[in-house]
Number of protein chains: 2
Amino acid sequence: MEKKPDHCRVEDALGILVGKWKPVILLYLLQEGTKRFSELKRNMPGITQKMLTKQLRELEEEDIIERVVYPQVPPKVEYSMTEYGRSLEPILEAMHEWGTRHTEHKMKKQIQVKSSS
Amino acid sequence: MEKKPDHCRVEDALGILVGKWKPVILLYLLQEGTKRFSELKRNMPGITQKMLTKQLRELEEEDIIERVVYPQVPPKVEYSMTEYGRSLEPILEAMHEWGTRHTEHKMKKQIQVKSSS
DNA sequence: TGCTATAGTATACAAAAAGATACTAAGGAG
DNA sequence: CTCCTTAGTATCTTTTTGTATACTATAGCA
């Protein structure tokens, strides 16, 4: 474990944000508040139950989200950001913003490539 | 491609930061300036040439870093952040900071778990 | 002549992540 | 009695990542 140069704790944040679906989940929960499993699933077309479950468990494990089970049939489970999880908000928004600009940047580049060929 | 809810451009930033080595490479280049291949490799014990090459190519592809080849033998290739790449700096630093706090957060949790068992 | 150095490529393989699909429990509706 | 619902598991296959290893060109040095 003591292998990386210690100037890089970025990975600790990355570990939480990575996984193709985690950012979508987190932004959704940040913006919409508490949501149940099926709502999350509906909001992310293409995700499988297995993946969604896995991502949620990992986020829960890290104290980023909270999971509340209602003992009902059919089951009801609600997810929400924890107080601590909200501390990720600035990063997520910075990335969102950068990502948006980056999409534009890429498009400009493509246009340049096209017109020079 | 038009599958994700468009409120999530976070992935575009994530795609660039992910890959186990990219953050380390980027922080190193941000802090130390221009570096050649062998210096990067030396700074990241454990990475294979193939991986380093791959990561560098991907970052170059996205305009984040620049690659300059000197026609010498033995070869000399230098890498540096582009102007554009530097726009990632605030995100990287935010993640670095959050990551550091998160490590502490986890440690506190472990102590709690220990003392309650 | 043979060895070293740099920045790679090529190939094979192992491990991890993601995806597809089928299955479950148990109450309510018809 | 059967089907629907929700929030999952379990199992298998595919894809993506990462690792290990060997190989390359060519100038300079001994």
Side-chain angles (χ1 to χ4, degrees), chain A residues 1 3-5 8 10-26 28-29 32 34-62 64-80, chain B residues 1 3-5 8 10-12 14-26 28-29 32 34-62 65-80:
Chain A
M1 279 291 123
K3 240 181 170 177
K4 302 286 166 36
C8 192
V10 180
E11 319 235 355
D12 293 307
L14 230 41
I16 278 153
L17 268 11
V18 183
K20 188 171 181 186
W21 298 103
K22 279 177 192 165
V24 200
I25 295 169
L26 292 177
Y28 186 56
L29 287 178
E32 311 279 318
T34 304
K35 288 286 158 192
R36 47 193 298 197
F37 188 86
S38 52
E39 293 176 294
L40 288 166
K41 194 165 167 246
R42 220 169 298 127
N43 191 249
M44 282 155 243
I47 199 173
T48 58
Q49 270 141 317
K50 187 193 164 188
M51 261 303 115
L52 182 51
T53 305
K54 206 187 144 217
Q55 308 294 296
L56 290 169
R57 289 293 136 75
E58 287 175 15
L59 291 169
E60 195 196 348
E61 181 69 19
E62 300 282 352
I64 308 297
I65 63 171
E66 202 188 355
R67 176 168 178 265
V68 179
V69 183
Y70 296 84
Q72 302 177 354
V73 167
K76 177 179 173 185
V77 180
E78 283 186 345
Y79 294 90
S80 57
Chain B
M1 281 291 125
K3 241 180 169 179
K4 303 285 165 40
C8 191
V10 180
E11 319 235 355
D12 293 307
L14 230 40
I16 278 153
L17 269 11
V18 184
K20 189 172 180 182
W21 300 102
K22 279 177 194 166
V24 200
I25 294 169
L26 292 177
Y28 185 57
L29 287 178
E32 310 280 318
T34 303
K35 289 286 160 194
R36 45 193 301 197
F37 188 85
S38 53
E39 292 175 296
L40 288 165
K41 194 165 167 246
R42 222 168 295 127
N43 192 247
M44 282 155 241
I47 199 171
T48 57
Q49 268 144 317
K50 189 191 165 190
M51 260 304 115
L52 182 51
T53 304
K54 206 186 145 217
Q55 309 292 296
L56 290 169
R57 289 292 136 79
E58 287 174 16
L59 291 169
E60 195 196 348
E61 181 69 20
E62 299 283 353
I65 63 172
E66 202 188 355
R67 176 169 178 265
V68 179
V69 183
Y70 296 84
Q72 303 177 351
V73 166
K76 177 178 172 186
V77 180
E78 283 186 344
Y79 294 90
S80 56

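The chains referred to below are lettered A, B, ... by the order of the sequence lines, with proteins before strands, and numbering in each begins at 1. Every value quoted in this text rests on a predicted model; they were computed, and no experiment measured them.
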**Prompt:** Axis-to-axis angle across the helix from C:dT1-D:dA30 to C:dG30-D:dC1, five pairs an end, to 10 degrees?
**Reply:** 20°
**Message:** Rounded to whole Å, please give me the gap between CD in B:E39 and C1' in C:dA7.
**Reply:** 13 Å
**Request:** Rounded to the nearest 0.5 Å, what's the gap from CG on A:L17 to CG on A:L59? Could you check?
**Result:** 9.0 Å
**Prompt:** When you check the phosphate oxygens OP1 and OP2 of D:dA27, does a side-chain N or O of B:Y70 lie under 4.0 Å from one of them?
**Reply:** no
**Backbone N/O of B:R36 and side chain of B:E39: donor-acceptor pair under 3.5 Å** = yes
**Asked** Starting at the 5' end of DNA chain D and moving along, which residue's nearest nucleotide shows up first, B:V73 or A:V69?
**Response** A:V69
**Asked** Can you tell which of D:dG18, D:dT9, C:dG27 lies closest to the side chain of A:T53?
**Response** D:dT9
**Prompt:** For the pair made of CG in A:L52 and C1' in D:dA7, what is the distance, rounded to whole Å?
**Reply:** 10 Å
**Request:** Give a yes/no on whether any side-chain N or O of A:W21 is located under 4.0 angstrom from OP1 or OP2 of C:dG19.
**Result:** yes
**Message:** Below the 4.0 Å mark, does D:dA7 have OP1 or OP2 next to a side-chain nitrogen or oxygen of A:R36?
**Reply:** yes
**Message:** Which is more 5' along DNA chain C, the nucleotide nearest A:K54 or the one nearest A:P74? Just name the residue.
**Reply:** A:K54
**Request:** Using atom CD of B:Q49 as one end and atom C1' of D:dA20 as the other, report the distance to the nearest whole Å.
**Result:** 11 Å
**Request:** Answer yes or no: side-chain N or O of B:K50 and base N or O of D:dT19 forming a donor-acceptor pair under 3.5 Å.
**Result:** yes
**Item:** Nearest-Å distance for atom pair CD/P, residues B:Q55 and C:dT9
**Value:** 14 Å
**Request:** Check whether any side-chain N or O of B:T48 sits under 4.0 Å from OP1 or OP2 of D:dA20, and answer yes or no.
**Result:** no
**Message:** Can you measure A:F37 atom CZ to D:dG8 atom P for me and round it to whole angstrom units?
**Reply:** 5 Å
**Among A:L52, A:I47, A:V77, A:V24, side-chain contact (heavy atoms from CB on, under 4.5 Å) partner for A:L40** = A:L52
**Request:** Ignoring backbone atoms, establish whether A:R57 has a side-chain N or O less than 4.0 Å from OP1 or OP2 of D:dT9.
**Result:** yes
**Request:** Specify the separation, in whole Å, of atom CE of A:M44 and atom P of D:dA7.
**Result:** 13 Å
**Fill in**
CD of A:E62 to CG of A:D12, rounded to nearest 0.5 Å, is 8.5 Å
**Asked** Can you check whether A:R67 has a side-chain N or O nearer than 4.0 Å to OP1 or OP2 of D:dG8?
**Response** yes
**Prompt:** Atom CG in A:L56, atom NZ in A:K22: separation rounded to 0.5 Å?
**Reply:** 10.0 Å
**Request:** Apply side-chain contact (heavy atoms from CB on, under 4.5 Å) to the pair A:F37 and A:Q49, showing each step before the final yes or no.
**Result:** CA-CA 9 Å; A:F37 188 86; A:Q49 270 141 317; 4.1 Å; yes
**Request:** Remember a base hit wins even if backbone is also touched, and classify B:K76 as base, sugar-phosphate or nothing at under 4.0 Å, heavy atoms.
**Result:** sugar-phosphate
**Request:** Take atom NZ of A:K35 and atom C1' of D:dT6, then tell me their distance rounded to the nearest Å.
**Result:** 16 Å
**Fill in**
Atom CD of B:E58 and atom P of D:dT17 are separated, to the nearest Å, by 8 Å
**Prompt:** Hey, mind stepping through A:R67 and A:I65 against side-chain contact (heavy atoms from CB on, under 4.5 Å) and telling me if it holds?
**Reply:** CA-CA 7 Å; A:R67 176 168 178 265; A:I65 63 171; over 6 Å; no
**Message:** One pair to check against salt bridge (charged side-chain N to carboxylate O under 4.0 Å, His left out): A:R57 and A:E61. What are the steps and the verdict?
**Reply:** CA-CA 6 Å; A:R57 289 293 136 75; A:E61 181 69 19; over 6 Å; no
